[in-house]
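Keep in mind the model is a prediction, meaning the values are calculated, not measured. Worth knowing before you read on, the calculation uses all heavy atoms, side chains too, and leaves out hydrogens, waters and symmetry mates.
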Amino acid sequence: PMTIPLIADVGYGSATVSNISCGSDILDTTDVAVGAQAGAAHLYIGSVSPSELTDFLTPLAPQAAQLIDTSLTQVDAAGQEDIAQSGEQTLHFSESDITAGTVRTVDGTSSLGNSVSQLGSGVSVIVVNAPPGSNAIIASLVQTEISSVLATLEPILSQILASLGIKVGAIDVRATAARCGIPALVM
């Protein structure tokens with residue numbers, strides 16, 4: 001049997017304040033600029049420790065995972081694909097936007113497209129201790145099997161994300177406050 005460890009880092013996004021500007025009339029001139037990037041998921045084929053799965057501050061960095069371990073050969077694989085990742089967009093919030101709690105959305109793409117299948121075709125397969133001359137054949141067979149399994153999984157992943165209320169490739173951002181004209185030391 002072959003086990004394919006698929007890790008889905010779902011619903012990630014990032015937003016950072018890139019600039020705050022204020023003029024003499026704070027209500028009319030305040031502008032908070034936020035750089036935001038949305039993504040539906042990072043998909044990995046690989047292995048991580050349980051502590052890595054609970055550390056939300058550090059991006060996952062899976063290692064190659066063992067798919068097959070027999071007395072004749074060992075097969076490891078690793079791969080990564082970003083699904084529905086948007087480019088960074090700058091969002092602007094005025095003082096009235098902040099007061100009203102205005103939410104702005106960065107949209108990447110509305111579909112998973114072929115990203116899951118691309119993960120399968122981009123997987124690195126490493127064959128160790130195989131009989132002489134069989135490495136390429138085994139790697140090709142494993143690659144084909146991984147691609148087949150992931151192609152079957154693609155529509156199911158779309159349904160799972162939708163049922164969890166995750167809009168593929170989107171992030172909602174709002175600014176909660178801006179302080180103008182009052183120096184502050186933040187540590």
Short side-chain to backbone donor-acceptor contact, [X] and [Y], under 3.5 Å:
X	Y	result
Gln143	Gly120	yes
Thr54	Ser51	yes
Thr144	Ser140	yes

Charged N to carboxylate O under 4.0 angstrom, Arg174 versus Asp97?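 Salt bridge absent between Arg174 and Asp97.
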Set of residues satisfying side-chain contact (heavy atoms from CB on, under 4.5 Å) with respect to [X], sequence neighbours excluded:
X	result
Asn129	none
Leu60	Ile7, Asp9, Tyr44, Val48, Glu52, Leu53, Pro62
Asp25	Leu27, Asp28

When rounded to the nearest 0.5 angstrom, what is the spacing between [atom1] in [X] and [atom2] in [Y]?
X	Y	atom1	atom2	result
His92	Ser18	NE2	OG	7.0 Å
Ile20	Thr30	CD1	OG1	9.5 Å
Cys22	Glu95	SG	CD	8.0 Å
Leu150	Leu6	CG	CG	6.0 Å
Phe93	Thr176	CZ	OG1	10.0 Å
Ile126	Asn135	CD1	CG	11.5 Å

What's the shortest heavy-atom distance between [X] and [Y], and which atoms?
X	Y	result
His42	Gln80	ND1-NE2, 4.0 Å
Thr105	Ala170	CG2-CB, 4.1 Å
Val106	Ala36	CG2-CB, 3.7 Å

By side-chain hydrogen bond (donor to acceptor under 3.5 Å, both in side chains) - contacts of Thr58 (at least two apart): Asp55
Heavy-atom side-chain proximity of Gln159 to Leu157 below 4.5 angstrom: no
Kindly indicate whether the side chain of Thr90, heavy atoms from C-beta on, has any atom under 4.5 Å from the side chain of Val34. no
State yes or no: do Leu91 and Val103 share one hydrophobic cluster built from I, L, V, M, F, W and Y residues joined by side-chain heavy-atom distances below 4.5 Å, directly or via other members?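 Result: no, two separate clusters.
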Applying a strict under-4.5 Å side-chain criterion to I, L, V, M, F, W and Y, I'd like to know whether Leu43 and Ile171 cluster together.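 In one cluster with Leu43: Ile171, no.
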Which residues end up grouped with Ile137 if you chain together Ile, Leu, Val, Met, Phe, Trp and Tyr wherever their side-chain heavy atoms are less than 4.5 Å apart?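 Leu141, all in the cluster of Ile137.
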Met2 and Glu145: CA distance, side-chain angles, deciding distance, side chain to side chain contact (heavy atoms under 4.5 Å, CB included) verdict: CA-CA 9 Å; Met2 179 170 67; Glu145 188 65 25; 3.2 Å; yes
Let me check something: any side-chain donor-acceptor pairs from residues 63-79 under 3.5 Å, sequence neighbours excluded? List them with distances.
from: Gln63; atom 1: NE2; to: Ala61; atom 2: O; distance (Å): 3.3
from: Thr70; atom 1: OG1; to: Leu72; atom 2: N; distance (Å): 3.2
from: Thr70; atom 1: OG1; to: Thr73; atom 2: N; distance (Å): 3.1
from: Thr70; atom 1: OG1; to: Thr73; atom 2: O; distance (Å): 3.2
from: Thr73; atom 1: OG1; to: Val128; atom 2: O; distance (Å): 3.0
from: Gln74; atom 1: NE2; to: Asp76; atom 2: OD1; distance (Å): 3.3
from: Gln74; atom 1: NE2; to: Asp76; atom 2: OD2; distance (Å): 3.4

